[in-house]
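Note that this is a predicted model, so its numbers are computed, not measured. Numbering starts at 1 and runs along the sequence shown.
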Amino acid sequence: MNTANQRVVRRFLDYLKVEKGLASLTVSAYASDLEQFAEFLEAKRRDLTAARRQDVRDFLSGLFSHSVKDRSVARKLSALRHFYKYLLLDRIIKQDPTLEIDSPKQWKVLPKSLAASEIDAMLESAGQAGDSKLSAALAQRDQTMLEVFYAGGMRVSEIINVKLEDLKLELGYILVRGKGDKERIVPIGKAAQERISAYLSDGREALLKGKISSMLFVQRGGGKLTRQWVWQMVKDASDSGRHASPNMLRHSCATHMVENGADLRTVQTILGHSDISTTQVYTHLALDRLKNVYQKHHPRAKAGKAAGR
């Protein structure tokens, strides 16, 4: 470590020994973790007191890429959090670079997603249309909601709050209000557009029964749908196979996009993640696809071809 980093780390370790009364082995572990992060920063010509949030993320990502176990990464992140909290309280820094950093387990665990065939099966079974006009309307509404869930990767709270004025079908997108009342544009494909158009013409009118509502998706009689009802609808639609949730449809949207070539920034924008780190759970899918494309198209990707030259 350089002199500036040594000085600030020494002050922190003294604080742990004297004021916190931590055991020498614990203090040594802190020292080792901070030294490793300091060396990482120094390679980028940056001191510990000038670390940024992205530096912390890059450091953790590097640990994962070198197959460091989750528990060890979690310990190092904990050490950094305590260190920067101390610096913040001591007014040595003004911003904590470890804030809003996900736990290591969240970085590595890819959310469960559904196969395209499972989504098709859910669309078929949703609502189980009966002979009556009302049954047909309910089925059409449920199928349309599932299609929009999958097309736009929307959250439950977002889909039940979509208003008619938010629809821009002729342009192929929906205006969505996400967390913190932030608005974003969510593109939807032809299949979702066609289902919404049919639902607006038939099912929705049958459900309203002459009443007026500004919401896209409504209960019979025009009432607003609840989050609990949507979760139950998705669960019921998947009863014949693997039980699904709205989150699985959302993650299926992201997974299938990445598998078919979408970059993480695009997925981040569509899903409404405020930070790219949330979208990074899909990184290995993007890398797998990149590897497959490389192996398929690069003339020296296959050993056999290279050896034959």
Side-chain angles (χ1 to χ4, degrees), residues 1-13 16 27-90 92-111 179 182 251 254-255 257-259 261-294:
M1 286 191 292
N2 64 34
T3 304
N5 284 337
Q6 286 178 351
R7 190 182 304 116
V8 74
V9 168
R10 192 181 303 118
R11 286 178 60 179
F12 175 64
L13 297 180
L16 294 180
V27 175
S28 295
Y30 273 99
S32 176
D33 293 337
L34 291 173
E35 181 179 358
Q36 187 177 2
F37 184 53
E39 290 174 353
F40 170 83
L41 287 176
E42 287 171 13
K44 303 171 77 171
R45 298 185 179 181
R46 193 169 297 143
D47 290 339
L48 286 167
T49 54
R52 303 167 185 167
R53 191 175 302 160
Q54 192 58 48
D55 294 326
V56 178
R57 291 200 183 99
D58 291 344
F59 174 66
L60 299 178
S61 295
L63 295 173
F64 282 136
S65 67
H66 286 86
S67 301
V68 177
K69 292 183 178 179
D70 286 3
R71 185 174 296 179
S72 296
V73 178
R75 189 200 72 207
K76 293 177 189 298
L77 177 57
S78 176
L80 293 179
R81 280 178 171 154
H82 281 89
F83 175 65
Y84 283 107
K85 183 179 180 181
Y86 160 78
L87 295 185
L88 195 65
L89 292 173
D90 215 30
I92 297 173
I93 59 173
K94 292 183 178 180
Q95 291 184 324
D96 183 351
T98 65
L99 288 178
E100 298 180 4
I101 299 288
D102 293 328
S103 69
K105 286 187 177 180
Q106 289 175 301
W107 282 49
K108 295 197 74 177
V109 177
L110 186 72
K179 290 183 177 180
K182 292 181 180 177
H251 295 312
T255 297
M257 283 182 63
V258 173
E259 288 177 340
D263 62 272
L264 295 183
R265 285 289 180 188
T266 300
V267 175
Q268 177 193 3
T269 301
I270 291 175
L271 294 190
H273 290 159
S274 59
D275 203 301
I276 188 65
S277 64
T278 311
T279 320
Q280 284 176 335
V281 292
Y282 302 102
T283 298
H284 87 269
L285 293 175
L287 293 176
D288 286 347
R289 184 184 182 280
L290 188 65
K291 182 179 177 182
N292 290 334
V293 171
Y294 173 84

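By the side chain to side chain donor-acceptor pair (under 3.5 Å) test, Gln6 is found to be paired with no residue, residues two or more places apart in sequence or in another chain being considered. Evaluation of the side chain to side chain donor-acceptor pair (under 3.5 Å) rule for Thr266 yields Asp263 as partners, not counting sequence neighbours. Under the side chain to side chain donor-acceptor pair (under 3.5 Å) criterion, Asp55 pairs with Lys44, Arg46, sequence neighbours left out.
Rounded to the nearest 0.5 angstrom, Asp33 CG and Arg75 CZ are separated by 4.0 Å. The line from CD of Glu39 to CG of Asn2 is 10.5 Å long, rounded to the nearest 0.5 Å. The OH atom of Tyr30 lies 10.5 Å from the CG atom of Leu13; values are rounded to the nearest 0.5 Å. Taking NZ of Lys76 as the start and CD of Gln36 as the end, the distance is 4.0 Å to the nearest 0.5 Å. In this structure, Leu16 CG and Arg11 CZ are separated by 13.0 Å, a value rounded to the nearest 0.5 Å. Interatomic distance, NZ of Lys94 versus CG of Leu88, reported as 11.5 Å (0.5 Å rounding).
Between Thr3 and Arg7, the closest side-chain pair of non-hydrogen atoms falls below 4.5 Å. By the 4.5 Å heavy-atom criterion applied to side chains, Tyr86 and Asp90 are counted as neighbours. Taking the side chain as every heavy atom from C-beta outward, Glu35 and Asn5 never approach each other to under 4.5 Å. Using a 4.5 Å heavy-atom cutoff, the side chains of Val56 and Leu77 are in contact. Between Phe59 and Leu80, some side-chain heavy-atom pair lies under the 4.5 Å cut-off.
Using modelled atom types, one side-chain atom of Thr255 and one backbone atom of His251 make a donor-acceptor pair closer than 3.5 Å. A side-chain donor-acceptor contact under 3.5 Å links Arg53 to the backbone of Leu99.
Residues Leu271 and Ala254 approach most closely at CD1-CB, 3.7 Å, considering heavy atoms. Taking all atoms of both residues into account, the shortest heavy-atom contact from Pro97 to Ala51 is CB-O, 3.6 Å. Considering all non-hydrogen atoms of both residues, Ile93 and Thr49 come closest at CG2-O, 3.5 Å. Residues Phe37 and Leu48 share a closest heavy-atom pair of CD2-CD2, 3.6 Å.
The environment of NE2 in His82 is sparse: at most 12 heavy-atom neighbours from other residues, nucleotides or ligands sit within 6.0 Å.
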Please assess Met257 against Ile270 for the test side chain to side chain contact (heavy atoms under 4.5 Å, CB included), listing each intermediate value before the final yes or no. CA-CA 10 Å; Met257 283 182 63; Ile270 291 175; 3.4 Å; yes

Please evaluate residues Asp96 and Arg81 with respect to the criterion salt bridge (charged side-chain N to carboxylate O under 4.0 Å, His left out), reporting the C-alpha separation (whole Å), side-chain torsions for both, the decisive distance (0.1 Å), and the verdict. CA-CA 8 Å; Asp96 183 351; Arg81 280 178 171 154; over 6 Å; no

With side chain to side chain contact (heavy atoms under 4.5 Å, CB included) as the criterion, how do Val267 and Val258 come out once you've worked through the C-alpha distance, each side chain's angles and the decisive distance to 0.1 Å? CA-CA 8 Å; Val267 175; Val258 173; 3.7 Å; yes

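Using cut-offs of 30° and 60° for the angle between ring planes, the Phe83 and Phe12 rings count as perpendicular.
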